Q: 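Below you'll find the structure I mean.
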There are 2 protein chains.
Amino acid sequence: MSRLDWEDLNLFLAVAREGGLSAAANATGRSPATLGRRMLGLERELGRELFVRHGRGYRLTGEGQSLLSELSEVEARIARLSQRSGIEGLPLVKVSAGTWTTLALLRSFANLVGTPPDIRLRFVSGERVMDIAHREAVIGFRNQRPTDKTFAGRKLAKVEFAPFGAPDAPRLWIKVLADTPSARWLAKYAEGDAVCEVNSPRNALDLALAGQGMALLPTFIGDSEAGLLRAAQVVPELTHDQWLVVHEADRHIPEVRRAIDRMCRVLEGPRG
Amino acid sequence: MSRLDWEDLNLFLAVAREGGLSAAANATGRSPATLGRRMLGLERELGRELFVRHGRGYRLTGEGQSLLSELSEVEARIARLSQRSGIEGLPLVKVSAGTWTTLALLRSFANLVGTPPDIRLRFVSGERVMDIAHREAVIGFRNQRPTDKTFAGRKLAKVEFAPFGAPDAPRLWIKVLADTPSARWLAKYAEGDAVCEVNSPRNALDLALAGQGMALLPTFIGDSEAGLLRAAQVVPELTHDQWLVVHEADRHIPEVRRAIDRMCRVLEGPRG
DNA sequence: AGGTATCTTTTCACAAATGAAAAGGAGATT
DNA sequence: AATCTCCTTTTCATTTGTGAAAAGATACCT
């Protein structure tokens, strides 16, 4: 026994209201042929005659009319599910990026969501690297090309790290206690005492901006801060590629595509 | 903008209740792969995260839970639509046949619907010949092979007409006023007065059974009436084939197939 | 009546959705 | 800690469903 396909009920509403297949086809974006077949299937599934098919369209039978009124109420409930107002109504794209990429993206937020906004961004980050296969994130930023051909990658500009500080700041390091390559490098090779140790990378930037010391920052962050100067050369060991990674299946979804294009423009544009 | 597919909501109920794709696959008769994809699509369409996918199954998020409770009510309404009790719940097969074939079928009604009944038969007849393409009837009886290859035909035994009457009935015709070949033949060639003229062929049989005269009947009807005897030879001009006709697309639908098989057994068995 | 416009149904080539089996993981169990 | 089991995800061949265009029908209009 095959179970009722709820989508047939949805299509029934269109055919019943429009009074025929052609008009309903316009309303639903499906072809008259499909609608005709599905209405036949629905009548069979329900074991009732819903329409009288005459040359000029579909007319409802008594049973069809009562189905129409019942389904209208169902439709109202379902409509409420998808009707979300304002930004909630926009398609959602989940982005997983590191501290600095996230910061750069947030600073160009307006360019990312469009004017007027046509997508909703959610930045997800955590200890764990987000799993794109399970869609914890849809768009991820990684430091290497995706291995699996399930994922599509787009290469971005290289990321370089250098020490940054305010012009008159003491030449002391601001250390970051985190499990990142730059923090590990700092722990290992930094000379002299640290002026401070911070838990979160983002705080190192704030401290550097306050003129308290040198922070090891990506150049695309440090160079864009008016109050900071490079306190020394780039640290070559920390230079790495950056890749934007998407699940191959998500790649062509309109809102995902838009988000990718805009992010690439933001991240690649000013850095060459 | 693509619209919400209601069937996704139906599938969501299964995944949400069963707590995973595999169990839901059993419940719905679809594969885990399909369910996984459609839940991904639903989340996208709604712009909400409904599940947390962990290694052991799908767990609902807060939004998922509220969707579940809302949809449960929708489901109850929809369930009421398809739940029909008793005979109303059985699959419907519409049959279009002439007076005599209908009569023969009705006399074997129990054999047609099965024990216990597993189909519901509706005999539709009218002035007009029912249109199988538009599904005014699903199974039709015609006197010639279907022309169009859209329709499938099954040849039945030939139909022969002869005069029938009670043993001591007067040898006067019971005339039928209808637009049928046998009625036209009677109007043209019948000798002697008519004892009566009736509007409906079925009444001619009743009148013959009452011993009032001779009715021109198909032999498969007349011979099966204990109270009637052939009053003369078969009328050769009226002999014709009989075909059972179905739309090719309906042919393999289970209840249609059953109905066809049983009708053929009933109509061919005792005569062939 | 005849013509015309519009709607349904059919045909057929194509695209999208599906399922089976394999691969990959996560949690449970010993 | 290693193994096992169960569940999800991926792959890919297949099926199902779909749409465009043609054909067929019916009501409307002149």
Side-chain angles (χ1 to χ4, degrees), chain A residues 2 5 7-8 10-11 14-15 18-43 45 50-59 128-136 138 146-152 246-253, chain B residues 2 5 7-8 10-11 14-15 18-45 50-59 128-136 138 146-152 247-253:
Chain A
S2 66
D5 185 333
E7 182 61 7
D8 284 347
N10 192 10
L11 297 176
V15 177
E18 304 290 335
L21 301 184
S22 294
N26 279 332
T28 60
R30 309 178 92 107
S31 70
T34 295
L35 292 176
R37 283 180 293 238
R38 296 195 74 156
M39 292 306 100
L40 235 35
L42 180 61
E43 286 183 317
E45 193 57 48
L50 302 173
F51 302 101
V52 178
R53 292 153 174 84
H54 61 109
R56 203 77 179 165
Y58 275 38
R59 188 180 11 258
R128 230 168 4 89
V129 55
M130 293 299 150
D131 184 344
I132 295 186
H134 291 71
R135 301 301 193 293
E136 288 180 326
V138 169
T147 58
D148 195 325
K149 101 178 199 321
T150 309
F151 303 103
V246 201
H247 198 287
E248 181 58 45
D250 292 344
R251 190 173 194 176
H252 301 290
I253 295 174
Chain B
S2 68
D5 185 332
E7 182 62 6
D8 284 348
N10 192 11
L11 297 176
V15 176
E18 304 290 335
L21 302 183
S22 295
N26 279 332
T28 59
R30 311 177 93 107
S31 70
T34 295
L35 292 176
R37 283 179 293 238
R38 296 195 74 157
M39 292 306 100
L40 236 35
L42 180 62
E43 286 183 316
R44 170 164 119 77
E45 192 56 48
L50 302 172
F51 302 102
V52 178
R53 291 151 175 86
H54 62 109
R56 203 74 180 165
Y58 274 39
R59 188 178 14 256
R128 233 170 359 92
V129 54
M130 293 298 150
D131 184 344
I132 295 186
H134 292 70
R135 301 302 192 291
E136 288 181 327
V138 168
T147 57
D148 195 323
K149 102 178 200 317
T150 309
F151 304 103
H247 198 287
E248 181 59 46
D250 292 343
R251 188 172 194 176
H252 301 290
I253 295 174

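Residue numbers begin at 1 in each chain, while the letters A, B, ... track the order of the sequences. Just so it is clear, the model here is predicted, and its values are computed rather than measured. Because only heavy atoms are used, hydrogens play no part in the values below, and waters and symmetry mates are left out as well, while side chains stay in.
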Q: Which is true for B:Gly57 with a 4.0 Å heavy-atom rule: it touches a base, it touches only sugar-phosphate, or it touches nothing?
A: sugar-phosphate
Q: Do any N or O atoms from the side chain of B:Arg135 and from the backbone of B:Ala133 form a donor-acceptor pair under 3.5 angstrom?
A: yes
Q: Within the side chain of A:His134, is there an N or O that forms a donor-acceptor pair under 3.5 Å with the backbone of A:Glu136?
A: no
Q: Could A:Arg38 and A:Asp5 be called an ion pair, given the rule that one side-chain N must be under 4.0 Å from one carboxylate O?
A: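 Salt bridge flag = yes for A:Asp5 with A:Arg38.
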Q: Which residue, B:Pro32 or A:Gly29, contacts DNA chain D at a nucleotide closer to its 5' end, judged by nearest heavy atom?
A: B:Pro32
Q: Within the structure shown, what part of the strands sits under 4.0 Å from A:Gly36 by heavy-atom distance: base, sugar-phosphate, or nothing?
A: nothing
Q: D:dT8 P sits how many Å from B:Glu18 CD, rounded?
A: 11 Å
Q: OP1, OP2 of C:dT6 versus side-chain N and O of A:Tyr58: anything below 4.0 Å?
A: no
Q: For the pair made of CZ in B:Phe151 and P in C:dT9, what is the distance, rounded to whole Å?
A: 11 Å
Q: Select base, sugar-phosphate, or nothing to describe what A:Arg38 touches, counting heavy atoms under 4.0 Å on all strands.
A: sugar-phosphate
Q: Out of curiosity, B:Arg30 CZ to B:Leu21 CG, how far, rounded to the nearest 0.5 Å?
A: 13.5 Å
Q: Go through C:dT10, D:dT10, D:dT5 for me and flag the one nearest to the A:Ala133 side chain.
A: D:dT10
Q: Mind calculating the distance between CD1 (B:Ile132) and P (C:dT10) to the nearest angstrom?
A: 11 Å
Q: Do any side-chain nitrogens or oxygens of A:His247 fall under 4.0 Å of OP1 or OP2 in D:dT10?
A: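 For D:dT10, OP1/OP2 do have a side-chain N/O of A:His247 under 4.0 Å.
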Q: Between C:dA20, C:dT9, D:dG19, spot the one nearest the side chain of A:Ser31, thanks.
A: D:dG19
Q: Can you check the A:His54 NE2 to C:dT6 C1' distance for me, whole Å?
A: 12 Å
Q: In whole Å, I'd like the distance from the CG atom of A:Asp5 to the P atom of C:dT18.
A: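 The distance from CG of A:Asp5 to P of C:dT18 comes to 10 Å, rounded to the nearest Å.
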Q: Do any side-chain nitrogens or oxygens of A:His134 fall under 4.0 Å of OP1 or OP2 in D:dT8?
A: no
Q: Examine C:dT11: is either OP1 or OP2 under 4.0 Å from a nitrogen or oxygen in the side chain of B:Thr150? Give yes or no.
A: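 Answer yes for this pair, as a side-chain N or O of B:Thr150 is under 4.0 Å from OP1 or OP2.
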Q: Report the distance from atom CD of B:Glu43 to atom CG of B:Leu40, rounding to the nearest 0.5 Å.
A: 6.0 Å
Q: Looking only at side-chain N and O atoms, does B:Ser22 come under 4.0 Å of OP1 or OP2 in D:dC6?
A: no
Q: Which one, C:dT8, D:dT9, C:dT11, comes nearest to the side chain of B:Lys149?
A: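 Given the options C:dT8, D:dT9, C:dT11, the side chain of B:Lys149 is closest to C:dT11.
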Q: Within less than 4.0 Å of OP1 or OP2 of D:dG19, is there a side-chain N or O belonging to A:Thr34?
A: yes
Q: Should A:Arg30 be listed as having a side-chain N or O under 4.0 Å from OP1 or OP2 of D:dT18?
A: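 Yes, because at least one side-chain N or O of A:Arg30 sits under 4.0 Å from OP1 or OP2 of D:dT18.
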Q: Are side-chain heavy atoms of A:Val138 and A:His247 found at a separation under 4.5 Å?
A: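 A side-chain contact under 4.5 Å is absent here.
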Q: Is any N or O donor-acceptor pair between the side chain of B:Arg37 and the base of C:dG19 shorter than 3.5 Å?
A: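 By the distance-only test, yes, there is a pair.
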Q: Between B:Asp148 and B:Ala33, which has a closest nucleotide on DNA chain C that is more 5'?
A: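 Mapping each residue to its closest nucleotide by heavy atoms, the 5'-most match is B:Asp148.
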Q: What is the distance, rounded to the nearest whole Å, between atom CE of A:Met39 and atom C1' of C:dT9?
A: 15 Å
Q: Rounded to the nearest Å, what distance is computed from the CG atom of residue A:Leu35 to the C1' atom of nucleotide D:dT18?
A: 11 Å
Q: Could you tell me the separation between the CG atom of A:Leu11 and the P atom of D:dG17, rounded to a whole number of Å?
A: 13 Å
Q: With sugar-phosphate meaning primed atoms plus P, OP1 and OP2, does B:Gly41 contact a base, only sugar-phosphate, or nothing at under 4.0 Å between heavy atoms?
A: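 Answer is nothing: B:Gly41 stays at 4.0 Å or more from every strand.
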